[in-house]
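All of these numbers come straight from a predicted model, not from anything done at the bench.
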Amino acid sequence: MVAGAALVAVGVGAGIWLVGGDGAEPEGSRSTRSPEVTPSPERSYPLSEEPRTIPAVRRHEPARGPGWRPRTGARVVVNDDALADEGRLLADELELDYAGRRDDRRDGDVRLEVGGGGEDDGPESYTLTVRDGRVTISAAADAGVFYGTRTLKQAVSGGATAPEGVVTDAPAKPRRGLMLDIARKPYPADWIEDRVRELGDLKFNELGLHFSDDQGFRIASETHPEVVSRDHLTKEQVERIVDLAAERHIEIVPELDSPGHLGAVLDAHPDLRLLDAQGAPVRGAIDISLPESAALVDELLDEYASLFPGPHWHLGGDEYQALTVSDPETAYPRLAAAARERYGAGAGVADLATGWLDDRAATVRARDRVPRAWNDGFYRDTEVPAASDIRVAYWTGKEIGARQPEEYLDDGRDVVNYNDEFLYYVLGEPQTFVYPTGRRIYEGWTPRVLRGTEEVPARHDDRVLGAVFAVWGDIPDAQTADEVAEGIRLPLAATVQKLWDPDTPRLSWDDFRALAERLG
């Protein structure tokens, strides 16, 4: 980019360039001015501007040249057969020929190379070079190559031209996700697949599936078919979603929430329900003093670990009803007795719940998974510490006794941002929730805004791994699946922009929204 220059629109082929000049015309118009350049027998081009993409590229080195547009007969070639998925996808999207592994170079080629470097040589960084009528996308790993193809796809969207020059790009945050509550509102498999494609184009790398809650258990099970709701995804449907996501470098992160939010499971196992001091069952809460409770949940965790091959697992841990009362030991004497028996005379119900979380973390850790749990599943002043590798999914500070995000960060815990002030799309807007807008996220949120509207100090930045935009189905019929898709479209675009680059965006909100509409 040329600092301080005004912008002139100049037609190049059928594409549009934004270039330095003395006047200004709106993007999308074709200028009749001749560029002020030194006469030359060669064709002369204005200095290029960065491609308009979501998220915006971090750095573009401008150059003079014709840029690149897809044309009939042009090829996508790779330097490694491992890039076949990326190559075939891009060729199909841009209507090019996929030529596979090739060493020769032709005019119009898009060449994908793994083994080169991106901005920081990280697995998601990449370099995209447009020069001499060709495109080269290189990265240290195939994920970076894929993100480079997303930039190219957006850059030529609607007949535009990918500008001459070099893009070096990498995300600021490693975790960039969308979470779907499919337990309370089941979504069709093809609708979920459409979200995977949308997330891939926006450079998200995580889709969370909250598939078990009080209202439903939504994935088929061989070990415990009795817990599965009538409306559910088959294993085959989930495998297709997982495979599609893997092609787009998206990890499916499952959440089997416990020890609360287990109502659908407990409907089939009423003997495992938590009972209060009067013997009344507590909705959604499993009795964590019973060995049979742990065995049931662990069997389900083991089964689904084979279905979801990614390295992360969400254990839930939130809103266990035994710990939402002022005196848990009196309200739930059986839990209190079990805590003392297992952890000593000074232990209480919070210790028993922490031990439950640690045990479930051990179950998924044995399957090479990194555990994650909601922040209200971590308790203060317990005899039993939560395992140090359990990452905090910080969603709220509204719960009684909720800890500030800085407490977790100061303890050295990694945190993923689910801030319910900005990133919670709760169907029906119950309680104090309102549907988040893309503009509010774009103008008022950063990954360090974990609770409320204030950022945690910059010294904690490396511990904030990223963020997840969450769709909850509290009032499932409040919106159709298509309405949900439309409602989250701009918020997702704004969220990933701030995860890719938390600094103040270069585009105004109105320009960003117009770009999102143009890119679809």
Side-chain angles (χ1 to χ4, degrees), residues 54-55 82-90 92-93 112 114 123-124 126 139 141-151 153-154 171 173-183 185-212 218-220 232-256 303-314 364 367-370 372 393 416 418 465-471 481 484-485 488-489 492-493 495-496 499-500 520:
I54 298 175
L83 296 176
D85 285 345
E86 289 78 11
R88 288 193 178 96
L89 177 62
L90 183 67
D92 181 64
E93 291 170 330
L112 309 183
V114 69
E124 295 187 311
Y126 68 92
D142 54 353
V145 172
F146 175 72
Y147 295 138
T149 68
R150 301 306 85 193
T151 296
K153 177 186 176 183
Q154 290 192 24
K173 293 299 178 182
R175 304 311 305 171
R176 306 179 301 278
L178 166 68
M179 191 225 74
L180 295 173
D181 172 10
I182 66 171
K185 183 177 180 65
Y187 294 91
D190 58 355
W191 186 93
I192 298 175
E193 291 176 3
D194 285 344
R195 304 288 74 70
V196 168
R197 296 183 184 95
E198 179 182 2
L199 294 176
D201 281 352
L202 289 171
K203 302 188 178 86
F204 281 91
N205 63 5
E206 175 178 319
L207 173 61
L209 294 181
H210 176 90
F211 67 90
S212 172
R218 303 295 180 181
I219 298 178
H232 67 271
L233 297 173
T234 67
K235 290 279 187 76
E236 292 75 17
Q237 288 173 319
V238 173
E239 287 170 351
R240 286 196 294 272
I241 292 168
V242 169
D243 289 346
L244 178 67
E247 291 173 0
R248 285 157 171 77
H249 298 274
I250 295 169
E251 177 192 356
I252 306 298
V253 178
E255 183 192 352
L256 178 55
E303 176 181 1
Y304 292 109
S306 299
L307 185 62
F308 297 101
H312 299 90
W313 195 284
H314 202 316
V364 301
R367 303 296 293 265
D368 298 319
R369 305 302 196 271
V370 177
R372 187 185 303 178
V416 180
Y418 289 75
L465 301 181
V468 176
F469 186 93
V471 179
V484 172
I488 67 177
R489 185 173 57 84
L492 283 176
T495 299
V496 81
L499 287 169
W500 200 264

Query raised in the report: Quick one: CH2 on Trp500 to CD1 on Ile54, what's the gap to the nearest 0.5 Å?
Result: 13.5 Å

Query raised in the report: What's the shortest heavy-atom distance between Phe204 and Ile250, and which atoms?
Result: O-CG1, 3.5 Å

**Report entry** Reported CG-to-CZ distance for the pair Leu83 and Arg88, which is rounded to 0.5 angstrom
**Finding:** 11.0 Å

Query raised in the report: Do Val253 and Met179 touch side chain to side chain, with heavy atoms closer than 4.5 Å?
Result: no

**Report entry** Chi angles and distances behind the side-chain contact (heavy atoms from CB on, under 4.5 Å) call for Leu244, Arg248
**Finding:** CA-CA 7 Å; Leu244 178 67; Arg248 285 157 171 77; 3.1 Å; yes

Requested in this report: Locate the shortest heavy-atom distance separating Leu256 from Ser212; write the atom from each residue and the value.
Outcome: CD1-CB, 3.5 Å

Report task. Would you indicate whether the side-chain heavy atoms of Ile182 and Glu255 approach each other to under 4.5 Å? Result -> no

Query raised in the report: By side chain to side chain donor-acceptor pair (under 3.5 Å), which residues pair with Glu193, not counting sequence neighbours?
Result: none

Report summary line: By side chain to side chain contact (heavy atoms under 4.5 Å, CB included), Ala393 pairs with (sequence neighbours left out) His314, Arg372, Trp374, Tyr418

Query raised in the report: Under the side chain to side chain donor-acceptor pair (under 3.5 Å) test, which residues partner Tyr147, sequence neighbours left out?
Result: Glu124, Arg176

Requested in this report: Work out which heavy atom in Val496 is nearest to a heavy atom in Leu202; give both atom names and the distance.
Outcome: CG2-O, 3.1 Å

Query raised in the report: Considering only heavy atoms from C-beta outward, does the side chain of Val484 approach that of Leu180 to under 4.5 Å?
Result: no

Report task. Would you check if the side chain of Arg369 reaches a backbone N or O of Gly310 as a donor-acceptor pair within less than 3.5 Å? Result -> yes

**Report entry** Full working for side-chain contact (heavy atoms from CB on, under 4.5 Å) between Leu233 and Arg218
**Finding:** CA-CA 6 Å; Leu233 297 173; Arg218 303 295 180 181; 5.7 Å; no

Requested in this report: Go through the structure and list residues passing side chain to side chain contact (heavy atoms under 4.5 Å, CB included) with Arg489, not counting sequence neighbours.
Outcome: Glu198, Glu486, Glu517

Query raised in the report: So do the side chains of Leu199 and Leu492 get within less than 4.5 Å of each other, counting heavy atoms only?
Result: yes

Query raised in the report: Which heavy-atom pair separates Gly466 from Lys173 by the least distance, and what is that distance?
Result: CA-CB, 3.8 Å

**Report entry** Straight-line distance of Asn205 CG to Glu251 CD, nearest 0.5 Å
**Finding:** 8.0 Å

**Report entry** Side chains of Phe308 and Val238 in contact at under 4.5 Å (non-hydrogen atoms)
**Finding:** yes

Report summary line: One should read off an interatomic distance between Lys235 NZ and Leu307 CG, to the nearest 0.5 angstrom, of 5.5 Å

Requested in this report: Would you confirm whether the ring centroid of Tyr304 sits within less than 6.0 angstrom of the ring centroid of Phe211?
Outcome: yes

Report task. With the side chain counted from C-beta on, respond yes when Gln237 and Ile219 share a heavy-atom pair under 4.5 Å apart, and no when they do not. Result -> no

Query raised in the report: Does a side-chain heavy-atom distance below 4.5 Å link His312 with Arg175?
Result: yes

Query - Closest contact, heavy atoms only, Ala143 versus Pro123 - result: CB-O, 3.5 Å

Query raised in the report: Which residues pass the ring-ring contact (aromatic ring centres under 6.0 Å, His included) test with Tyr187, sequence neighbours left out?
Result: Trp191

Report summary line: Applying ring-ring contact (aromatic ring centres under 6.0 Å, His included) to Phe146 and not counting sequence neighbours gives His249

Query raised in the report: If you take all heavy atoms of Glu247 and Asp85, which pair is closest and at what distance?
Result: CG-OD2, 4.2 Å

Query raised in the report: Are side-chain heavy atoms of Leu209 and Ile252 found at a separation under 4.5 Å?
Result: yes

Report task. Please test Glu93 against Arg197 for salt bridge (Lys or Arg N to Asp or Glu O under 4.0 Å), starting from the C-alpha separation and ending with a verdict. Result -> CA-CA 12 Å; Glu93 291 170 330; Arg197 296 183 184 95; over 6 Å; no

